[in-house]
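Keep in mind that what you see is a predicted model, and the values were worked out from it rather than measured. In the text below, chain A, chain B and the rest are named by the order of the sequence lines, each starting its count at 1.
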2 protein chains.
Amino acid sequence: MTNVAAKNPRKIAVKATSRRAGAKASARSNLPPKPASNRAERAAERRGAIIEAAMDEFIARGFAATRLDDIAKRAGVAKGTIYLHFKDKESMFEELIRTAIVPLVVRLSSTPPPPGASVRDMVELFAQNFIKEVASTRRGDLVRLIVAEGPRFPAVADFYYREVVTRGLTGMRALIELGINRGEIKQKNLAQFPQIMVAPALIAVIWQSLFGRHAPLDAIAMFRVHLDLIFGERRMA
Amino acid sequence: MTNVAAKNPRKIAVKATSRRAGAKASARSNLPPKPASNRAERAAERRGAIIEAAMDEFIARGFAATRLDDIAKRAGVAKGTIYLHFKDKESMFEELIRTAIVPLVVRLSSTPPPPGASVRDMVELFAQNFIKEVASTRRGDLVRLIVAEGPRFPAVADFYYREVVTRGLTGMRALIELGINRGEIKQKNLAQFPQIMVAPALIAVIWQSLFGRHAPLDAIAMFRVHLDLIFGERRMA
DNA sequence: TGACAATGACTGACCAGTCAGTCATAATTA
DNA sequence: TAATTATGACTGACTGGTCAGTCATTGTCA
């Protein structure tokens, strides 16, 4: 019987402006001028904006304290739009972590191995990449976020353990064994605890996240000292 | 009836919130069979129960997701009672961290230094204490909680930095310098980054908290390997 | 009995998730 | 090609539930 329309008559005429608001919503970060005439493109763009905004908000406030209204506002999108892309807040969070972690792992694990490099060089290169890409960027806060919310999101913790921790440690163990075989590393037991190799890098990430503003830490210099412990002090060049 | 009277504008303008921190001198060892006829004692007991319960809840759920109703229920107290002891949720959280951290620091920093101990022995002893007291107890989750909530509670992060981090690092630096002077430690630069010395211990704490159930880590064995890197591999006994 | 401690029902703000309605664009027809 | 219709992305007011904080009332000790 459509008396529903009568129920809310005021909203009918009002619209005109809000459509244009959509156009100015490209305020999200600094994307290059993108026409995006195609529907699917626009949708993908919006999805990207939501992910970007959600990442910022979750990092800044944590899962529970983050409001979807704020994410929507930051993404330049209505709240309902979020639900076109994600089932609910929780799965949005989990999916977010996944889509942020995977390319990070890919990038870090696909660094070209220099030809005649020593194991030390390889580890140092990796650590430099890691510190540059993670410790001094928003991605570092992402690691902190995982540490913070992990226990409440077993799916996230498991994913992180599987995709990042075991992979990273396996790779590092291989590198350590190579170093032992080549005679670069004396301490045989190190292969049992690859965690030791990366510990300072992780500490640096957490440090920057918590105390960075207050007391910055030269992560790379620290890591070099750490490498000196493992590979022996380097002849100065 | 007449709950409309709640609008009543004249209210008792009292409530200089009771900071009755003075009399807390009750032996808070055994909980269940305690008449505690004395009023101050009972109050202190309740306060303790609230702190205990709040700690559990905050660790399990984080700040934002923790409900005061749950804390009250767990502490066996009505919600209003919490507000007799704490101004609000936020200051409760901050005070909580403080009251939990201080005795921990005291205990760890007041370990009796064995007479003829080497620097390595001292560090190892400290690490064993730390791992035993922190990594494998609820206190480890406390560290994780600080990492998690620190950025949203600058007061907490600052406190932790001042009372724990700088203290710990200063002490560790002194120990390292002693080790260098005694010839136990070769790597002179280590004194610049005492963080390296404790990094594996912290990693162990975080590991247990996140992955412990899934993949336990022998933190003490790991730390020994780490010490071998710094002090040289030990002659086997 | 008076003073204070404790209670828990209540309030109001807040927020995740919904859905009726809108409209730009794509698809279809003439 | 232009006109017409169909689609579904998008919106934002709204709902129902939750929860921090309050305070009138009740209980308890000295």
Discussion item. In whole Å, I'd like the distance from the NZ atom of B:Lys73 to the P atom of D:dC19.
Written reply: 11 Å
Worksheet item: Over how many whole Å does the gap from A:Lys89 atom NZ to C:dG17 atom C1' extend?
Response: 12 Å
Short side-chain N/O contact from [X] to OP1 or OP2 of [N], under 4.0 Å:
X: B:His85; N: C:dA5; answer: no
X: B:Arg46; N: C:dT7; answer: yes
X: A:Lys79; N: D:dG12; answer: no

Fill in: First encountered from the 5' end of DNA chain D, between A:Ile82 and A:Asp69
A:Ile82
Fill in: Residue list, ring-ring contact (aromatic ring centres under 6.0 Å, His included) with A:Phe153, at least two apart or on another chain
A:Phe63, A:Phe93
Looking at the side chain of [X], which of [options] is the nearest nucleotide?
X: B:Arg67; options: D:dT11, C:dA16, D:dC19; answer: D:dC19
X: B:Leu84; options: D:dT11, C:dT7, C:dA16; answer: C:dT7
X: B:Leu68; options: C:dA16, D:dC10, D:dA20; answer: D:dA20

Discussion item. When you compare the side chain of B:Ile59 with that of B:Met55, does any pair of heavy atoms fall below 4.5 Å?
Written reply: yes
Practice prompt. Compute the ring centroids of B:His214 and B:Phe211, then answer whether they are less than 6.0 Å apart.
Written response: no
Worksheet item: Taking only residues two or more places apart in sequence or in another chain, which ones pass side-chain contact (heavy atoms from CB on, under 4.5 Å) with A:Ala60?
Response: none
